[in-house]
Amino acid sequence: QAGEAVPVAQRSSWTSFLKSIASVSGDLSSMTAPPFILSPISLTEYPAYWCERPELFAEIGDAKTSEERVLAVLKWFISTLKGQYTSRNETSGSEKKPLNPALGELFYGTWPDKDGRGKTDLIAEQVSHHPPITAYVIENQSKGLKLVGHNAQKTSFSGGSIIVKQIGHAVLTVKLPSGSEEKFLLTLPRLRIDGLWYGAPYIELTEHSNIVGDGFVGVVEYKGKGYFSGKSHTFKATLTPQPGMGGAATKEIVVEGLWHQNSKIVTGGHGPFHDVSAPKEEVTAVGGEARGEMGPMETRKLWELVSKGIREGDFDTASKEKTRIENEMRQRRKDEVASGTSWESKHFNQISSDPVYEDLAKLAKITPPTEDAYVFRGNWPKSLRPSN
Ligand code: CLR
């Protein structure tokens with residue numbers, strides 16, 4: 001039944017929202033949606049999903065061989081998927097529409113040191129508003145790990161589902177004890193958002209993504225529940241060693257399972273691989289200002305009243321506040337035009353092609369062959385790096 005999960009009073013606005021999704025392709029983020037589907041959290045907070053199991057991230061730095069390292073990267077990567085793609089369902093019953101970040105919106109966070117895993121820090125910045133692009137860096141300095149990436153989405157509508165093509169990539173740099181570095185290129189899966197008609201959207205991953213580095217080309221294939229067979233959230237990862245690319249490994253490794261539950265190694269070894277049934281650890285938001293306070297562009301400050309309105313069901317206040325913020329941002333852009341200046345990112349420099357991406361993409365035959373990227377300027381706020 002259409003809209004069964006939608007509050008009765010919002011059914012007609014849900015139907016018109018779906019109709020406009022079907023006709024507008026590209027960017028849904030700025031479309032107005034009915035209140036029941038709104039999330040009080042901005043997309044600038046989503047990069048935190050990469051580190052909700054900080055001990056698995058840290059383990060990459062402890063690996064002794066190329067094979068151990070690539071397996072640690074795969075395990076950490078797969079273990080993030082449950083949080084990235086099912087956590088809104090679990091906490092609020094369905095996928096929700098995140099707040100559409102303002103240009104220059106910031107999010108700072110940390111996961112404290114515990115059991116020798118080291119402290120891990122995060123900066124995310126909205127580096128483009130239209131289309132929305134979020135750049136981020138996640139670093140565990142004591143383990144020599146740095147993840148730098150950016151995310152954008154291109155959406156279309158097909159067969160009653162929203163198809164989300166993720167644009168962007170991430171590069172994980174691992175500093176080895178010898179002083180040399182290994183770099184891993186991570187690309188992102190495609191999403192299908194189902195359950196729209198009913199009013200309870202949820203995500204399935206489709207197609208594939210890559211993990212390439214340290215002498216390995218890795219492909220992760222995603223499948224969902226088919227009409228006749230198959231299970232939701234299935235994946236199969238194949239890691240193929242590249243002859244002559246350093247790394248002592250010679251055998252192919254295959255891992256199969258369910259990314260939101262567990263998986264096992266089926267080729268090149270055997271036994272359990274990952275298991276995400278244990279609780280995850282959410283990021284601790286940190287203010288980026290001098291005394292650890294949150295500045296006006298920090299996401300939880302900027303959207304404070306909108307979020308409160310959404311959480312408390314006061315949608316009038318939420319929508320008034322949202323309009324106020326959007327108008328303020330429009331005014332800023334106009335002022336910049338008038339004064340001949342332009343907005344500048346606080347933490348990232350855009351480059352039009354990324355040599356690390358190009359080399360590793362070529363090796364794995366990833367398209368497009370080149371992609372722009374955002375380079376972190378290294379300027380951590382004092383609240384995250386007191387010694388700076
Ligand atoms: C952002 C990057 C993260 C993974 C991730 C998870 C959920 C995605 C989100 C990304 C992008 C925006 C997204 C969202 C799910 C729904 C939302 C596609 C890829 C769209 C804009 C909202 C659709 C509205 C329906 C829910 C009605 O690492």
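Only a predicted model underlies this, so the values are computations on that prediction, with no experimental measurement involved. When a ligand or atom number is given, it counts from 1 through the structure's own listing order. Just so it is clear, the values below take in all heavy atoms, side chains as well, and ignore hydrogens, waters and symmetry mates.
Scanning the protein for heavy atoms near atom 25 (C) of ligand 1, the closest one is Ile162 CD1, 4.4 Å. Annotation: atom 9 (C) of ligand 1 to nearest protein heavy atom, Leu43 CD2, 4.0 Å. The nearest protein atom to atom 18 (C) of ligand 1, hydrogens excluded, is given as Val164 CG2, 3.8 Å; this is a heavy-atom distance. Of the protein's heavy atoms, Asn151 ND2, 3.5 Å lies nearest to atom 2 (C) of ligand 1. Atom 8 (C) of ligand 1 has as its closest protein heavy atom Leu191 CD2, 4.0 Å. Counting protein heavy atoms only, atom 1 (C) of ligand 1 is closest to Gln153 NE2, 3.8 Å.
Proximity of Arg88 to ligand 1 is established by a heavy-atom distance of less than 4.0 Å.
In this structure, the ring of Phe36 has its center less than 6.0 angstrom from the ring center of Trp14. Ring pair His347/Tyr108: centre-to-centre distance below 6.0 Å. Between Phe348 and Phe376, the ring centre distance stays below 6.0 Å.
Trp303 and Ile325 get closest at one heavy-atom pair: CE3-CD1, 3.8 Å.
Counting only distance, with no hydrogens or angles, the side chain of Lys143 and the backbone of Gln141 share no donor-acceptor pair below 3.5 Å. A donor-acceptor contact shorter than 3.5 Å is absent between the side chain of Asn210 and the backbone of Leu186. Within the 3.5 Å criterion, the main-chain N or O of Tyr202 finds no donor-acceptor partner in the side chain of Arg88.
Put simply, the residue from Asp354, Thr187, Asp372 that forms a side-chain hydrogen bond (donor to acceptor under 3.5 Å, both in side chains) with His169 is Asp354.
Residue contact check: Trp14 has heavy atoms under 4.0 Å from atoms 27 (C) of ligand 1. The contact set between ligand 1 and Gln166, taken as ligand atoms under 4.0 Å from a residue heavy atom, comprises 19 (C). Of all atoms in ligand 1, listed by their number and element, those nearer than 4.0 Å to a heavy atom of Gln84 are 3 (C), 4 (C), 6 (C), 28 (O). Atoms of ligand 1 found under 4.0 Å from any heavy atom of Phe17, numbered from 1 in the order shown, are 27 (C). Heavy-atom contacts of Leu28 reach the following atoms of ligand 1: 23 (C) (cutoff under 4.0 Å).
By heavy-atom distance, the residue among Glu95, Lys97, His150, Lys165 lying nearest atom 22 (C) of ligand 1 is Lys97. Residue nearest to atom 17 (C) of ligand 1, selected from Ser94, Ala48, Pro98: Pro98 (by heavy-atom distance).
The part of Tyr85 lying near ligand 1 is the side chain, judged by heavy-atom distances below 4.0 Å.
Within a 4.0 Å radius of atom 13 (C) of ligand 1, the protein contributes no heavy atom.
Taking hydrophobic clusters as Ile, Leu, Val, Met, Phe, Trp and Tyr residues chained together by side-chain heavy-atom distances below 4.5 Å, Ile78 shares a cluster with Leu147.
Between Trp50 and Trp76, the angle of the ring planes lies from 30° to 60°, which puts this pair in the tilted group.
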